[in-house]
Amino acid sequence: MANASAPTSGGWALRPTGTDARFRGLAAVSRRTAWLAGTEGTVLRTRDGGATWRNVSPPGADGLEFRDVEAFDGRRAVVLAIGEGEASRIFRTEDGGSTWTESFRNTDPRAFYDCMAFFDTRHGLAVSDPVDGKYRVLATGDGGRNWRVLPSAGMPAAQPGEASFAASGQCLVTARSSAQGRSGGGRDVWLATGGAATARVLHSADRGRTWTATATPLPAGDPARGVFGLAFRDRAHGLAVGGDYRPGEPSPEAAAVTGDAGATWRTASAPPPAYRSGVAWLPYSRRAALAVGPTGTDLTTDGGRTWRTLDTGSYDTVSCTPDLACWAAGEHGRAAIRRG
């Protein structure tokens, strides 16, 4: 798929994909290489900064909804399809998407998998909405080739109606997945929740075996409200974004910040003006980050305390790379890149 780029405001340069899929899954490897995962079983990959995109969708995946992709480089990636029962599946490729292996298919009709995150190229987790009153967590120790359900004894009870949002591939994150490997492997992972009386962030410091839950000030009390995206630049400093995803509904206090690994969260004094689903720290920055949503992109330069809108284009997810680039993706096949 060859496409010419088109500039937009706010520093984004559109990289047309030649498809109308909605891309909520994004894995930015570098300023030249990125993966997209979206509706109708669509997976795309670029190796030239978005000038061209290759359709590398798994065969027979047309009916699946891909919402997360985690890539280790231009050849190795893992994608997650969401949905009830067998609609939740995980696929893995080692050859840039030329061939795929289905490594997990959910057989429990009560489970609905939302997000994945990796600590390094071998160890990762995937999370399902609560089953029997607790979030269910899958683990892999071989790069996504095999998955096993972790014991639930260390998982706090879910609130009534609590779930996670498969909106940006960022409801489950590690410092590695937030910063594309700049923090090493680590053992910390965070889970964003919503839909219940309180919007929470759950934290595990032992790769998903035990968890603690902390309330956040983000909008809650409705199935459409909660924390939608997380980003951690190291094991202590993190950002949370969300709000109410319904168009036209207000989302006050739609961003929060933590400096203690998620033990406490503080509301941004000047949050984004509306619901945001994705968030990413700028490369090598201790203070700058981007948040995206259907109504725009916002920038913070003070570690998440205040945000200002840069662009009003629609994006669902955002990811930055070690070589000083950020990518965003969303509805109607939208993909874009910022450099510098």
Side-chain angles (χ1 to χ4, degrees), residues 114-115 117-119 123-125 127 130 133-137 139 150-160 162-165 168 170-179 182-221 225-243 252-272 276 278-281 285-289 291 300 302-307:
D114 298 295
C115 293
F118 277 79
F119 303 95
H123 301 90
L125 303 177
V127 66
K134 292 184 177 182
Y135 277 92
R136 176 171 290 179
V137 179
L150 292 182
S152 64
M155 176 67 70
Q159 302 175 87
E162 193 170 28
S164 292
F165 296 106
S168 60
Q170 295 179 337
C171 68
L172 184 73
V173 302
T174 65
R176 175 200 177 275
S177 62
S178 298
R182 286 183 274 126
S183 302
R187 304 185 65 82
D188 293 273
V189 59
W190 296 266
L191 170 63
T193 83
T198 301
R200 303 194 299 176
V201 172
L202 278 61
H203 172 226
S204 171
D206 56 11
R207 294 189 174 176
R209 296 193 175 276
T210 61
W211 298 78
T212 56
T214 301
T216 76
L218 270 69
R225 300 174 187 158
V227 182
F228 283 72
L230 297 167
F232 278 77
R233 64 173 173 82
D234 53 40
R235 72 171 309 271
H237 298 89
L239 303 168
V241 299
E253 301 182 339
V257 60
T258 182
D260 55 14
T264 58
W265 292 88
R266 306 183 306 280
T267 306
S269 57
R276 296 293 183 254
V279 60
W281 291 95
S285 176
R286 298 175 61 85
R287 301 175 65 81
T300 180
D302 56 14
R305 289 190 291 275
T306 63
W307 298 82

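The residues of the chain are indexed from 1 along the displayed sequence.
With sequence neighbours excluded, the residues that form a side chain to side chain contact (heavy atoms under 4.5 Å, CB included) with Ala196 are Gln159, Glu162. Legend: residues meeting side chain to side chain donor-acceptor pair (under 3.5 Å) with Ser269, ordered by chain and number and at least two apart, are absent.
Checking side-chain atoms of Arg225 against main-chain N and O of Gly242 turns up no donor-acceptor pair under 3.5 Å. Formation of a donor-acceptor pair under 3.5 Å by the Thr267 side chain with backbone atoms of Ala256 is not found in this model. With hydrogens and angles disregarded, a donor-acceptor distance shorter than 3.5 Å links the side chain of Tyr135 to the backbone of Ala163.
Rounding to the nearest 0.5 Å gives a distance of 8.0 Å between CZ of Arg266 and CG of Asp260. Within the model, atoms CZ of Phe228 and CZ of Arg276 stand 12.5 Å from one another, a figure rounded to the nearest 0.5 Å. Expressed to the nearest 0.5 Å, how far CG of Asp206 lies from CG of Asp188 amounts to 9.0 Å.
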Chi angles and distances behind the side chain to side chain contact (heavy atoms under 4.5 Å, CB included) call for Val279, Gln170: CA-CA 8 Å; Val279 60; Gln170 295 179 337; 4.2 Å; yes
Steps toward side chain to side chain contact (heavy atoms under 4.5 Å, CB included) verdict (Val189, Trp211): CA-CA 9 Å; Val189 59; Trp211 298 78; 3.6 Å; yes
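Here the closest non-hydrogen pair linking Gly303 and Val257 is O-CG2, 3.2 Å. For the pair Val137 and Met155, the tightest heavy-atom approach, listed with the atom from each and the gap, is CG2-CE, 3.8 Å. Nearest heavy-atom pair, Ala231 versus Ala280, reported as atom, atom and distance to 0.1 Å: CB-CA, 4.2 Å. Shown here for Pro156 and Leu202, the closest heavy-atom pair between the two residues is CD-CD2, 4.3 Å. Residues Asp114 and Ser164 approach most closely at OD1-O, 3.5 Å, considering heavy atoms. Taking each heavy atom of Trp281 and Arg286 in turn, the nearest pair found is CZ3-O, 3.7 Å.
Annotation: side chain of Arg209 is in contact with side chain of Pro151 (closest heavy-atom distance under 4.5 Å). Counting heavy atoms from C-beta outward, Trp307 and Leu239 have side chains that approach closer than 4.5 Å. Residues Arg233 and Arg287 form no side-chain contact, since every pair of their non-hydrogen atoms from C-beta on lies 4.5 Å or further apart.
None of Leu218, Leu191, Leu230 except one satisfies the side chain to side chain contact (heavy atoms under 4.5 Å, CB included) rule with Val201; the exception is Leu230.
Trp265 and Phe232 have perpendicular rings, their planes meeting at more than 60° on a 0 to 90° scale where under 30° would count as parallel.
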